[in-house]
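Working notes for the structure below.
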Amino acid sequence: MPALLGFLGVLAFSFTLPATRVAVEDLDPIVVGIGREALAALPAALILLATRAPLPSREQLRRIGIVAFGVVFGWPIFTALALQDLTSAHSAVIVGLLPAATAVVAVLRAGEHPSPAFWLASLAGLVAVLAFAASQGAGLLSGGDVLILVAVALSALGYAEGGALARELGGWRVICWAVVLSVPLTLPIGLVAALGSDLHADTDAWLGFAYVAAVSALLGFFPWYAGLARGGVAKIGQIQLIQPLLTLAWSAWLLDEHISPTTIVASIAVLACVVATQQTRVERSSRPPLVTSGR
């Protein structure tokens, strides 16, 4: 079940880059990156009210702030800025570094201790992604590449912290509280960006924006954080190795981007590494080592 939940989250997120790429062609990247989070706060607040979710403790609020820093602000802003210049396919291969980054942060934030076999399988997957990126010409870093790398680092932080916190609150509560508590920043920033930009965009751009607001900013995290909490952040996080390949498929189908035979080879290699990581052990301590008590 944890692996299935993780896959559903990855499937939802795999469409984020193509949807964002379409949206920023006509809309300001800050409107797309922050506006999506402001809009997601409304259904998130309704869900919390309808379920009578208890208020998080002071320590949990601090950790929710870390989650928000990574996935409410970091990832959406930097990917939206990067995708003004990069294609979603180019960005997707760099996002292939995210599982490795998430595993590293999981050691620090989620109290997890992957086995040597896990790291070998993860390294093999990382090498496959990097080889694929090099074959596609993604080896040379541009300004957009740097923005994507920053997005990956911040997203890894938000994923690992959110996955660990989901063991206490539940995955859907973590992301709902993160977007709701971010409203004092996301709403005014989004409104200022919207008022200062041209909102005349075609239907495709608004559909892309609608997707990232509803799914990428909120609903996709429901199964994703649940999978991380149940199966372990490091282990389930490796399912993200499939995400670049799914994104490439969406890019080819919807954006007419070419998929080469190298992509098929990389797909097989990455899938094999994902299967291998799911067969390894990841030990979890009872409490994340870097989380201190708020009492």
L219 meets the side chain to side chain contact (heavy atoms under 4.5 Å, CB included) criterion, sequence neighbours left out, with F222

Note: G208 and A23 closest approach over all heavy atoms is C-CB, 4.3 Å

All N/O donor-acceptor pairs, side-chain side in residues 70-80, below 3.5 Å, sequence neighbours left out:
unit_1, atom_1, unit_2, atom_2, d
T79, OG1, W75, O, 2.6
T79, OG1, P76, O, 3.3

For S216, the side chain to side chain donor-acceptor pair (under 3.5 Å) test, sequence neighbours excluded, returns T16

The ring-ring contact (aromatic ring centres under 6.0 Å, His included) partners of F221 (sequence neighbours excluded) come to F13, Y225

(Q) Quick check: do E168 and L165 have side-chain heavy atoms less than 4.5 Å from each other? (A) yes

Output for pair (R21 CZ, D85 CG), nearest 0.5 Å, gives 8.0 Å

All heavy atoms of P2 vs all of R230, minimum pair found to be CG-CB, 3.8 Å

Can you get from L39 to L46 by hopping between Ile, Leu, Val, Met, Phe, Trp and Tyr side chains that sit under 4.5 Å apart? no

Applied to residues 194-211, the side chain to side chain donor-acceptor pair (under 3.5 Å) test, sequence neighbours excluded, yields D198-H200

Do V24 and L195 share a hydrophobic cluster (ILVMFWY, side-chain heavy atoms under 4.5 Å, transitive)?
-> no

Residues 35-45 vs side chain to side chain donor-acceptor pair (under 3.5 Å), sequence neighbours excluded, gives none

Correct closest heavy-atom pair for C176 and L218 would be SG-CD1, 4.1 Å

inquiry  = Would a single hydrophobic cluster contain both I236 and M1, if residues Ile, Leu, Val, Met, Phe, Trp and Tyr are joined by side-chain heavy-atom contacts under 4.5 Å?
reply    = no

With sequence neighbours left out, the residues meeting side chain to side chain contact (heavy atoms under 4.5 Å, CB included) with P223 are L5, L8

With a 4.5 Å cut-off on side-chain heavy-atom distances among I, L, V, M, F, W and Y, is there a chain of contacts connecting L49 to L169?
no

Sidechain-backbone polar pair: S155 side chain, V152 backbone, donor-acceptor under 3.5 Å: no

Contacts table for residues 180-189: side-chain donor-acceptor under 3.5 angstrom, sequence neighbours left out:
unit_1, atom_1, unit_2, atom_2, d
S182, OG, A178, O, 2.6
T186, OG1, S182, O, 3.2

Take W177 and L61 through the side chain to side chain contact (heavy atoms under 4.5 Å, CB included) test and state the conclusion after the steps.
CA-CA 9 Å; W177 281 118; L61 286 173; 5.8 Å; no

Taken to the nearest 0.5 Å, the spacing of I148 CD1 from L83 CG works out to 5.0 Å

The side chain to side chain contact (heavy atoms under 4.5 Å, CB included) partners of A156 (sequence neighbours excluded) come to L98, A101, T102, V105

Margin query: Is there a path of hydrophobic side-chain contacts, each under 4.5 Å between heavy atoms of I/L/V/M/F/W/Y residues, joining W224 to L4?
Written below: no

Nearest heavy-atom contact between F209 and G35 is CZ-C, 3.8 Å

_In the structure I gave you, are the side-chain heavy atoms of T247 and F15 within less than 4.5 Å of one another anywhere?_
no

Correct closest heavy-atom pair for A193 and I30 would be CB-CG2, 3.7 Å

Distance col, row D28:CG vs Q84:CD, nearest 0.5 angstrom, shows 7.5 Å

Sequence neighbours excluded, the answer for side chain to side chain donor-acceptor pair (under 3.5 Å) partners of W172 is none

Heavy-atom closest pair (A53 atom, R173 atom, distance to 0.1 Å) is CB-NE, 4.0 Å

